[in-house]
2 protein chains.
Amino acid sequence: MEQRHAAVLKAAGMKATPKRLAILELLEAESGYASPEELWKTLKGRFDRLGLPTVYRNLEELSESGVLTKVIHPNRQLYYYFCSNPEHHHHFVCLSCRKVEDIPSCGIDALEREVSIRNGGKVLSHILQLNGLCGGCAKKGEMA
Amino acid sequence: MEQRHAAVLKAAGMKATPKRLAILELLEAESGYASPEELWKTLKGRFDRLGLPTVYRNLEELSESGVLTKVIHPNRQLYYYFCSNPEHHHHFVCLSCRKVEDIPSCGIDALEREVSIRNGGKVLSHILQLNGLCGGCAKKGEMA
DNA sequence: CTCTAAATAGAAATGATTTCGTTTTAAAAT
DNA sequence: ATTTTAAAACGAAATCATTTCTATTTAGAG
Ligand SMILES: [Mn+2]
Ligand SMILES: [Mn+2]
Ligand SMILES: [Zn+2]
Ligand SMILES: [Zn+2]
């Protein structure tokens with residue numbers, strides 16, 4: 001499993017450092033998204049030294065190379081999620097327990113075409129995210 | 001036109017203050033989205049006193065009552081846009097000139113149903129935004 | 001016109017995120 | 001195995017967009 005992550009990092013042109021591997025392992029084990037500070041608090045015990053800026057930097061780099069996914073949260077803080085699904089897809093994120101579920105298909109290809117054709121514009125990226133309560137949390141009716 | 005905005009504010013349960021009306025007029029005249037500080041710099045000359053926190057507060061309140069639309073920007077700063085289209089729809093935002101164009105339809109209703117049925121979750125909100133370059137900017141090939 | 005809850009001012013605080021100069025390290029090259 | 005070096009990490013300090021707080025003003029109901 002460590003090999004797998006090391007290969008992913010190598011493929012992304014990034015050095016396979018112990019801290020990066022630890023971040024990936026922790027995030028993969030999580031069922032949901034996590035904040036830089038939360039990851040730092042969990043991981044700093046496993047290293048002699050681990051700076052919060054290092055966690056921020058790595059999460060951002062991993063997100064840019066597509067290894068991690070950024071979550072857009074109403075509170076405007078940064079959250080990241082590990083998703084191994086290589087297909088283009090989007091996410092349903094629970095605002096209560098932070099679970100993330102895949103949304104397999106989106107009609108965005110069609111929308112992109114429409115924008116191009118109608119206005120001559122060029123779509124560089126898109127954001128599609130459903131926010132809500134997962135099955136478990138919806139039952140409990142809680143907002144943690 | 002001032003009457004129209006006053007009515008909108010009243011309908012939203014908000015007092016029609018001169019500053020709120022000025023914010024709405026300015027944003028309606030804009031073809032694109034604007035930041036709180038930009039609006040403040042433009043408007044503070046028109047009032048004896050106008051605090052930046054007031055602009056922030058009003059933009060947020062107007063956004064919460066649905067009068068304005070928040071733009072999700074990669075630089076993580078706040079931007080707001082005035083859109084008078086009352087139908088449910090989404091936006092294509094130009095990262096260069098900040099123009100905003102309506103996206104009339106989205107397949108999100110279907111996705112919401114799918115999430116509910118498949119996992120028993122409850123979709124509380126969704127984000128769909130296309131980022132890119134509008135027709136004009138795509139031609140120029142510029143990123144301001 | 002009076003009254004009051006809502007809105008605003010403005011200075012100060014906040015705090016998540018980033019920067020910077022230095023030190024350490026992964027991994028390529030010998 | 002050792003050397004080399006560009007990348008990564010440190011961590012204290014800075015940044016700066018956004019929010020908070022208390023006193024003051026005002027929109028609009030009665
Ligand atoms: Mn996924
Ligand atoms: Mn619109
Ligand atoms: Zn949940
Ligand atoms: Zn444009």
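Below, all heavy atoms of this structure are taken into account, side chains as well, without hydrogens, waters or symmetry copies. In the text below, chain A, chain B and the rest are named by the order of the sequence lines, each starting its count at 1.
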Should B/E61 and B/R20 count as an ion pair when the cut-off is N to O under 4.0 Å?
yes

Aromatic rings A/Y81 and A/H91: how do their planes relate, parallel, tilted or perpendicular, breaks at 30° and 60°?
perpendicular

With no hydrogens and no angle check, is any side-chain donor or acceptor of B/Y33 less than 3.5 Å from a backbone partner on B/C94?
yes

Look at the side chain of B/P53 and decide which nucleotide, out of C/dA16, C/dA11, C/dA9, has an atom nearest to it.
C/dA11

Let me know the distance between CZ of A/R76 and C1' of C/dT14, rounded to the nearest Å.
14 Å

Once you round it to whole Å, what is the distance between C1' of D/dA8 and CE of A/M14?
10 Å

Which part of the nucleic acid, if any, lies within contact of A/R57, taking any heavy atom under 4.0 Å across all strands shown: a base, the sugar-phosphate backbone alone, or nothing?
base

Contact nearer the 5' end of DNA chain C, comparing B/R20 with A/L78
B/R20

Take the protein atom CG of B/N75 and the nucleotide atom C1' of C/dT18, then report the distance between them rounded to whole Å.
14 Å

Nearest to the A/K19 side chain among C/dA16, C/dA7, D/dA9, which nucleotide is it?
D/dA9

Any side-chain N or O of A/S35 less than 4.0 Å from the OP1 or OP2 oxygen of C/dA16?
no

Applying side chain to side chain donor-acceptor pair (under 3.5 Å) to B/S116 and B/R113, what does each step give before you reach the verdict?
CA-CA 5 Å; B/S116 310; B/R113 267 195 302 278; over 6 Å; no

Here the distance between atom P of C/dA27 and atom NZ of A/K10, to the nearest Å, is 8 Å

Select from B/E37 and B/T17 the residue whose nearest nucleotide in DNA chain D is closer to the 5' end of that strand.
B/E37

Nearest whole angstrom, please: distance from the P of D/dT18 to the CG of B/L39.
12 Å

How many whole angstroms separate atom CG of B/L50 from atom C1' of D/dT26?
15 Å

Any side-chain N or O of A/Y56 below 4.0 angstrom from OP1/OP2 of C/dT17?
yes

Nearest-nucleotide wise, let me know which of B/E61 and A/K15 is further upstream toward the 5' end of DNA chain C.
B/E61

Whole angstroms only, please: what is the CZ-P distance between A/F47 and C/dA26?
10 Å

Among the nucleotides C/dT8, C/dA9, C/dA16, whichever has the atom closest to the side chain of B/R49 is C/dA9

Determine yes or no for a side-chain-to-main-chain donor-acceptor pair under 3.5 angstrom, with A/R76 supplying the side chain and B/R76 the backbone.
yes

Verify the contact: side-chain N or O of A/N58 to OP1 or OP2 of D/dA9, cut-off strictly under 4.0 Å; return yes or no.
yes

Mind calculating the distance between CG (A/L9) and P (D/dA9) to the nearest angstrom?
10 Å

